[in-house]
Amino acid sequence: MKLCRNRFSLIKQKKIYLVFISMILLSILFGFFFYFIISDNNKLLVIDIQKNYFNGISSNNINYLSSFFNSFFTNFMYIFLIFLLGLSVVGFIFIIGIVLIKGFILGFTISSIIGTFGIKGIILSFIYVFPHQLLFLIILLLMCYYGCSFCYRLFRNLFIRTIVNFKSIKDKYLKVFVVSLIGGIVCSLYEVFIVPGLISIFI
């Protein structure tokens, strides 16, 4: 009986992850195509921003320490907000929204790099995304699952009066939070200290 429950729980988890992954992929696609439907003036503004960013990298005009703190602070805010929202009853709505926004931004950035640099932009966008941006999306996906799961259990405990062992759940949630922060640091280190060197080869 216990084996059947564990198997059912695993299948349920896989289905939830597939739903979240599908939503993220859709948000990335929407962000990607959004660049091509904005006005020409907005496109020129985005192109100017992208050129300034990549010219700064090619000229090695980078404050690595400041860039690292900015990158990690951004990653930290994503992770911390999801963690905090996971402690509320209705936080799952905002958690999903945060992850979808991240996916949209990633898709838009990829298409804007390609729109700015053409064929060369495909290589540059690949360097920009792989592997740190994909890894961070996986981290957010993990936080999204556990955050929404905690919200759901909290809701059931408050309104349906279901008995929940919150100690074990909290311990697991905290471990996922800490692991996600470590992953966020790794992603920021790669983005700041590795990506510029790779980009400067092709810019």
Side-chain angles (χ1 to χ4, degrees), residues 1-32 34 68-110 129-192:
M1 182 66 71
K2 186 178 180 181
L3 182 62
C4 290
R5 283 200 302 266
N6 290 337
R7 186 176 297 174
F8 177 76
S9 177
L10 185 61
I11 293 172
K12 188 177 179 181
Q13 286 181 23
K14 286 182 178 179
K15 287 182 178 179
I16 294 172
Y17 273 120
L18 283 174
V19 170
F20 286 152
I21 290 171
S22 299
M23 291 170 65
I24 292 172
L25 289 176
L26 285 174
S27 68
I28 292 173
L29 283 173
F30 185 69
F32 183 88
F34 186 75
F68 170 74
F69 280 115
N70 288 335
S71 174
F72 176 66
F73 179 75
T74 301
N75 291 347
F76 171 79
M77 288 306 297
Y78 274 110
I79 295 168
F80 180 71
L81 281 175
I82 292 175
F83 175 77
L84 200 62
L85 289 165
L87 302 177
S88 66
V89 178
V90 294
F92 70 94
I93 299 173
F94 301 100
I95 289 173
I96 293 173
I98 289 172
V99 177
L100 293 182
I101 288 171
K102 176 61 179 176
F104 176 87
I105 293 172
L106 180 61
F108 183 80
T109 304
I110 292 170
V129 169
F130 189 83
H132 60 294
Q133 293 287 349
L134 290 181
L135 175 60
F136 191 65
L137 266 183
I138 293 172
I139 290 170
L140 290 187
L141 176 65
L142 190 67
M143 283 298 301
C144 180
Y145 173 80
Y146 280 97
C148 289
S149 177
F150 198 90
C151 286
Y152 174 71
R153 292 173 187 271
L154 186 63
F155 178 85
R156 285 179 63 86
N157 180 258
L158 291 175
F159 298 103
I160 307 178
R161 302 299 180 184
T162 303
I163 298 175
V164 179
N165 183 6
F166 273 108
K167 187 182 184 306
S168 62
I169 298 171
K170 283 181 180 178
D171 290 344
K172 184 178 290 186
Y173 195 31
L174 281 171
K175 286 178 184 177
V176 171
F177 175 65
V178 172
V179 170
S180 297
L181 285 179
I182 294 171
I185 293 173
V186 172
C187 290
S188 294
L189 287 171
Y190 187 90
E191 178 183 4
V192 174

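Throughout, numbering of the chain's residues begins at 1 and tracks the sequence. The shown structure was predicted, so the numbers you read here are calculated from the model rather than taken from an experiment.
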Identify all side-chain donor-acceptor contacts of residues 70-87 below 3.5 Å with residues at least two apart in sequence or on another chain.
| unit_1 | atom_1 | unit_2 | atom_2 | d |
| --- | --- | --- | --- | --- |
| N70 | ND2 | S66 | O | 3.2 |
| S71 | OG | S188 | OG | 3.1 |
| S71 | OG | E191 | OE1 | 2.8 |
| T74 | OG1 | N70 | O | 2.9 |
| N75 | ND2 | G184 | O | 3.3 |
| N75 | ND2 | S188 | OG | 2.9 |

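Among all heavy-atom pairs drawn from I139 and C187, the shortest one is CD1-SG, 4.3 Å. Here the closest heavy-atom approach between residue S88 and residue C151 is recorded as O-SG, 3.0 Å. When all heavy atoms are compared, the tightest approach of Y145 to F20 is CA-CE1, 3.8 Å. Taking all atoms of both residues into account, the shortest heavy-atom contact from I24 to L141 is CD1-CD1, 4.0 Å.
In this structure, the side chain of S22 engages the main chain of L18 through a donor-acceptor pair within 3.5 Å.
Summarising the geometry, atom CD1 belonging to I105 is positioned 11.5 Å from atom CD1 belonging to I28; distances are rounded to the nearest 0.5 Å. Note: I16 CD1 to I21 CD1 = 12.0 Å, rounded to the nearest 0.5 Å.
Separation of the F32 and F108 ring centroids does not fall under the 6.0 Å cut-off. Aromatic rings from F92 and Y152 are positioned such that their centres are separated by 6.0 Å or more.
Here the side chains of V192 and F69 are not in contact, with every heavy-atom distance at 4.5 Å or above. Considering only heavy atoms from C-beta on, I185 stays 4.5 Å or farther from L181 through its side chain.
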